[in-house]
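Model, not experiment: these values are computed from the prediction. The sequence lines fix the lettering, A, B, ..., with proteins before strands; numbering per chain opens at 1.
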Amino acid sequence: MAQSERGRNDSGDHQYEEVSLIGKGAYGVVYKGRDLKNEGQYVAMKLIRIQNTEEGMPMSAIREISLLKQLEAYEHPNIVRLLDVRHTPVLSGEIQLKLVFEFIDQDLTTYLEKCPPPGLGPDRIKDLMYQLISGVDFLHSNRIIHRDLKPQNVLISSDGQLKLADFGLARVYGFQMALTQVVVTLWYRAPEVILQAQYATPVDMWSCGCIFAELFNRRPLLCGESDIDQLIKIFE
Amino acid sequence: MSDSSVGNDGTEMPPVSYSYCVVPDGTIFKTCTGEESDEDFVELESFVCDTSDPQAQYQIAIVTSENDGQNTPEFTSTEPSSNLCDSGFTEFIVKSINQQCIECASRYNDQTTPCTCSYTDHDGFEDYLTDIFTHRLKIEEKHFKPACLNHQSEITEELRTVLIQWLIEIHHDFKLYQDTLYLAVNIMDRVLSEVHVARDCLELLGITCLLVASKQNDVFPPEMHELLEKCDNTFAKDQMTKLEMIILIITEFNLLGPTVQQFFEFYATYNININLEDGTLINRLKMARAFGRGLLKFSLLEYKFCQYRPSLLALCIWKAAVKCLKTCDDNFIPPGMLIENTQYYQCLLDVDQFIDNFKHSYPDMSAI
């Protein structure tokens, strides 16, 4: 209800101001923005355009929002916060959906790039891994598989807090569940996914393992160029 | 509020072009398909802005703009409308229920359902079995809307039954993931408890809920035009898109309510897991599970069953299935669940009666 309350107080969408482009996701653009109602606090805004000619609201948006909404109540420290969902008309026949997240300075990739040689100390790595695993464990115990864990989706705040983001591919598992095979960015993809076998929560753990190695090496562990190449690299 | 009757008593005022209107306090925003779409958005906006106001009343209705003598869209196009009113209606329902029950129970029994994935709810996630259950119990309340028809003037229990019956067929035709059906009904009930829905919109509401649920659950949800064809193209895609948005706003994107089926699967799996050494008992329990799954689907049709919390209803169905198959679950009580006795016994009684009705109209049921 808090959200609709907020929504009621301003008719147009003047609450959030775009500052700069952060990146382009699978189904939308991400901006850094300011929340003008909250002392100009920085937020990350993911914009999704929905055209009338398409199939309504994209599946990934529905899943991401409903998942985050469900997790909201727990305020888990290692999951990114969804602050607000807005929709505004842009052109005729088009609706723009705006997901407002808390703003986190950088993702794990940039964090590792910026990190001066010889890289992260064992204690730092231990701490990051602990946070990563507790985030994943929390998801799994809430019957969610992330399915797209990679350094780009792992955010690190300025005070060293790790947060999982981008739930566009995540999904809730359940009875008689059919799962797509095309999940997880290739380099972090578990063999059972590549081999198109049954998969479940362990796919996230595989990705965690890849990230673990990357924390030490400061480069991805297995950089396959194709499905087959990735498999060969795994078994080498 | 009297204006709304324009769209509702369809026979006299057939529509030429119509659009969804959300009506706070009886004011109708009249829009026609094809007109400036800016206006439509204003509606959506104004609707969102008012959701937090408990005093306001909302409606989902089709507003007719002109008359030209065309026929109004019938409520459920796949059913002859006479079924709704004449005495054959109940028979029709019971008959089709029975056919479906046998069909689906046998499908569950021979375990040949084509499925590329894990067969039970918890395959591969055994470590989290109880965690997940506790989590579902915790969020259950938020997604549970009993008495969802209390504020509806045009939607009756019978209409809801016919609609769900029709949704079951569509769900079957598209071979959607089982839980999609339960989720769709849950979403629909929640929408019904929040806004007033006109009779001629109910069909679109049902199918759009199925779409939303399917987008949540299925790998390949049906496309909008396929679903619209199922309604004999009575509605425009544009209307569906808008209603979808309205559904998402009303439910505030909280689409992951636990369903009866998820609870049921937990109870069954839990009991099967603790009795793994006993081969004969396991077989009986598995049969109870198959029987219960059949019952579950038909419990959706009964309005009185949506008065019980899903976890309780699922438990009663499990108990009833166990009793029917003369097996035993050692007075199983789900871990961490508080059961209120009066409600529990009332629910058990209702389920028993439900099964009795079944047996009555279809004696072969006991063979399953």
> Once rounded to the nearest 0.5 Å, what's the spacing between atom CD1 of A:I62 and atom CD1 of B:I247?
9.5 Å
> Is atom CG of A:L21 surrounded by more than 12 heavy atoms (other residues, nucleotides or ligands) closer than 6.0 Å?
yes
> Side-chain donor-acceptor pair under 3.5 Å between B:H143 and A:Q70, yes or no?
no
> Please determine whether the number of non-hydrogen atoms from other residues, nucleotides or ligands lying under 6.0 Å from atom CZ of A:F138 exceeds 12.
yes
> Look up atom CD1 in B:I132 and atom CD1 in A:I144, then write down how far apart they are to the nearest 0.5 Å.
10.0 Å
> To the closest 0.5 Å, what do you measure between CD1 (A:I65) and CG (B:N254)?
11.0 Å
> Considering non-hydrogen atoms only, spot the tightest contact between A:S66 and B:Q216 and give its length.
OG-OE1, 2.7 Å
> Please list, chain by chain and in numerical order, all residues satisfying salt bridge (charged side-chain N to carboxylate O under 4.0 Å, His left out) with B:D131, sequence neighbours excluded.
none
> Checking heavy atoms, do the side chain of B:E223, its backbone, both or neither come under 4.5 Å from chain A?
both
> Among B:V212, B:L248, B:T251, which residue forms the greatest number of heavy-atom pairs with chain A at distances under 4.5 Å?
B:L248
> Could you tell me which of B:K215, B:H225, B:K142 has the largest number of non-hydrogen atom pairs under 4.5 Å with chain A?
B:K215
> Can you name the residues that form a ring pair (Phe, Tyr, Trp, His ring centres under 6.0 Å) with A:Y130, not counting sequence neighbours?
none
> For A:K69 versus B:E252, what's the shortest heavy-atom pair and its separation?
CE-O, 2.9 Å
> Rounded to the nearest 0.5 Å, what's the gap from CZ on B:F253 to CG on A:L82? Could you check?
9.5 Å
> If you compare all heavy atoms of A:R63 against all heavy atoms of B:N217, which two are closest, and at what distance to 0.1 Å?
NH2-C, 3.9 Å
> By a 4.5 Å heavy-atom criterion (distance strictly below it), what part of A:L68 contacts chain B: side chain, backbone, both, or neither?
neither
